[in-house]
Amino acid sequence: WPKFHIRFTPGSPSSLPGGSYLVGMGQTYSTIGLAVADINHRGITGPINFILTDTLITCDSVGGENMFPVFIGPVIGSSSINTISIGPDTGMIHLHYNGNAAGAIAIQSGYINFSYTEEPIFGLVGAQYVTLHGFNMTSTDSVLDAGIGVINSSATLGSQHNEVRDIYIQLNRTNIYSIGIKQQLLVTPTSATGVNSYNKYLNLKVRNAYSGIQLLGNATYPDINCEV
């Protein structure tokens, strides 16, 4: 397992200024998880471009000792102007992760347990105006369930205005729950802001998964204007 030393300092963190930040071994952020944790915690004041520099991203030392899944939450300050982009400067990078048997995530509405049918590599959890691009995601084990999961964070805050493009996902179809991309509502929405609308899924390839792409909504407050 990757090992990290973490220091907790009292106080209120300042928001991350807009700009381009290198992510990879020896860079401003050594892993994707650390970069995402920073904006989840601090918020942003301008458009953010996380440029991934490693050609291979894994959990071991060869691939930078990354930790997965990576969950992008409701980042304070994100907007149609203050967008968030995560991917390589050019081309594709290889991301390999075989998953865990179980896990959990805390969202605004409480503690959500990931069963053996839900674990993704990336999760958009009430995230807005995020672009993921240029990933070649692979998993050879039958434990991992999804390449990308998109969920709402509360009854009034969904994942909206996001774009997933230029991504290749290869899983293990012996897992009957394996799916390339799954968009769903883990919390019943009480308004149109609580659903996963206006998301785009463009130029994707999903192979060796039991299912390709699934968008699950709500009859009262349906997801609208999503594009595949």
Side-chain angles (χ1 to χ4, degrees), residues 1-7 16 19-41 48-73 75 84-105 114 116 118-125 127 130-150 162-175 177-182 201 203-209:
W1 288 93
K3 297 179 181 179
F4 294 93
H5 298 282
I6 301 174
R7 175 180 292 178
L16 184 68
S20 294
Y21 298 88
L22 299 181
V23 179
M25 289 184 281
Q27 304 296 348
T28 304
Y29 299 98
S30 59
T31 69
I32 301 175
L34 291 177
V36 169
D38 207 26
I39 60 174
N40 279 343
H41 185 54
I48 300 296
N49 184 18
F50 285 138
I51 302 174
L52 308 183
T53 60
D54 296 333
T55 57
L56 176 65
I57 296 175
T58 63
C59 294
D60 58 22
S61 58
V62 176
E65 295 187 323
N66 288 264
M67 298 181 72
F68 295 101
V70 172
F71 294 108
I72 307 168
V75 177
I84 301 165
S85 175
I86 303 174
D89 195 27
T90 59
M92 302 277 288
I93 58 170
H94 183 196
L95 189 161
H96 183 82
Y97 174 60
N98 276 336
N100 288 295
I105 178 176
F114 271 103
Y116 59 89
E118 297 290 341
E119 185 191 9
I121 297 175
F122 277 103
L124 300 180
V125 185
V130 174
T131 296
L132 299 175
H133 66 95
F135 288 97
N136 175 11
M137 301 180 184
T138 62
S139 180
T140 54
D141 199 285
S142 61
V143 175
L144 186 72
D145 303 303
I148 299 172
V150 181
N162 300 298
E163 184 171 309
V164 176
R165 61 174 171 82
D166 305 325
I167 287 180
Y168 169 84
I169 300 171
Q170 181 171 316
L171 303 177
N172 186 332
R173 67 178 291 109
T174 60
N175 175 358
Y177 302 106
S178 62
I179 185 170
I181 296 174
K182 187 172 185 178
Y201 304 98
N203 194 28
L204 309 174
K205 293 182 179 180
V206 179
R207 293 186 177 179
N208 203 37

*Any sub-3.5 Å donor-acceptor pair from Asp141's side-chain atoms to Gly99's backbone N or O?*
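No: the side chain of Asp141 does not pair with the backbone of Gly99.
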_If we ignore hydrogens and angles and just use 3.5 Å, is the side chain of Asn208 paired with the main-chain N or O of Leu171 as donor and acceptor?_
yes
From [X] atom [atom1] to [Y] atom [atom2], the distance as rounded to the nearest 0.5 Å:
{"X": "Ile148", "Y": "Leu132", "atom1": "CD1", "atom2": "CG", "answer": "5.5 Å"}
{"X": "Tyr201", "Y": "Arg165", "atom1": "OH", "atom2": "CZ", "answer": "14.5 Å"}
{"X": "Glu119", "Y": "Tyr97", "atom1": "CD", "atom2": "OH", "answer": "3.5 Å"}
{"X": "Ile39", "Y": "Phe50", "atom1": "CD1", "atom2": "CZ", "answer": "4.5 Å"}
{"X": "Ile51", "Y": "Tyr21", "atom1": "CD1", "atom2": "OH", "answer": "11.5 Å"}
{"X": "Lys205", "Y": "Gln170", "atom1": "NZ", "atom2": "CD", "answer": "11.5 Å"}

Of the non-hydrogen atoms in [X] and [Y], which two are nearest, and what is the gap between them?
{"X": "Pro88", "Y": "Gly91", "answer": "CG-O, 3.3 Å"}
{"X": "Ala209", "Y": "Arg173", "answer": "O-NH1, 2.9 Å"}
{"X": "Val23", "Y": "Ala35", "answer": "CG2-CB, 3.9 Å"}
{"X": "Thr53", "Y": "Gln27", "answer": "OG1-CG, 3.5 Å"}
{"X": "Asn40", "Y": "Phe71", "answer": "ND2-O, 2.9 Å"}
{"X": "Gly147", "Y": "Met137", "answer": "O-SD, 4.0 Å"}

*Who are the side chain to side chain contact (heavy atoms under 4.5 Å, CB included) partners of His94, not counting sequence neighbours?*
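Only Leu56, His96, Asn136, Thr138 meet the side chain to side chain contact (heavy atoms under 4.5 Å, CB included) criterion with His94.
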_Within the 4.5 Å heavy-atom criterion, are Ile86 and Val36 side-chain neighbours or not?_
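Answer yes - side chains close enough.
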*Just wondering, do Phe135 and Val164 contact through their side chains at under 4.5 Å, heavy atoms?*
no
*asked:* Under the side-chain contact (heavy atoms from CB on, under 4.5 Å) test against Ile32, which residue among Ile72, Asp54, Leu52 passes?
replied: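 Among the candidates, only Leu52 passes.
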*asked:* Quiz question: by atom type and distance under 3.5 Å, do the side chains of Asp145 and Asn175 form a donor-acceptor pair?
replied: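 Note: Asp145 and Asn175 side chains meet the donor-acceptor criterion.
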_Other residues, nucleotides, ligands: >12 heavy atoms within 6.0 Å of Arg207 CZ_ =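 Counting other residues, nucleotides and ligands, CZ of Arg207 stays at 12 neighbours or fewer.
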*Which is it for Thr140 and Asn98 under the side chain to side chain contact (heavy atoms under 4.5 Å, CB included) test, yes or no, and what are the steps along the way?*
CA-CA 6 Å; Thr140 54; Asn98 276 336; 3.3 Å; yes
*Apply the test side chain to side chain contact (heavy atoms under 4.5 Å, CB included) to residues Leu95 and Phe122: give CA-CA distance (whole Å), side-chain angles for both, the deciding distance (0.1 Å), then the verdict.*
CA-CA 11 Å; Leu95 189 161; Phe122 277 103; 3.8 Å; yes
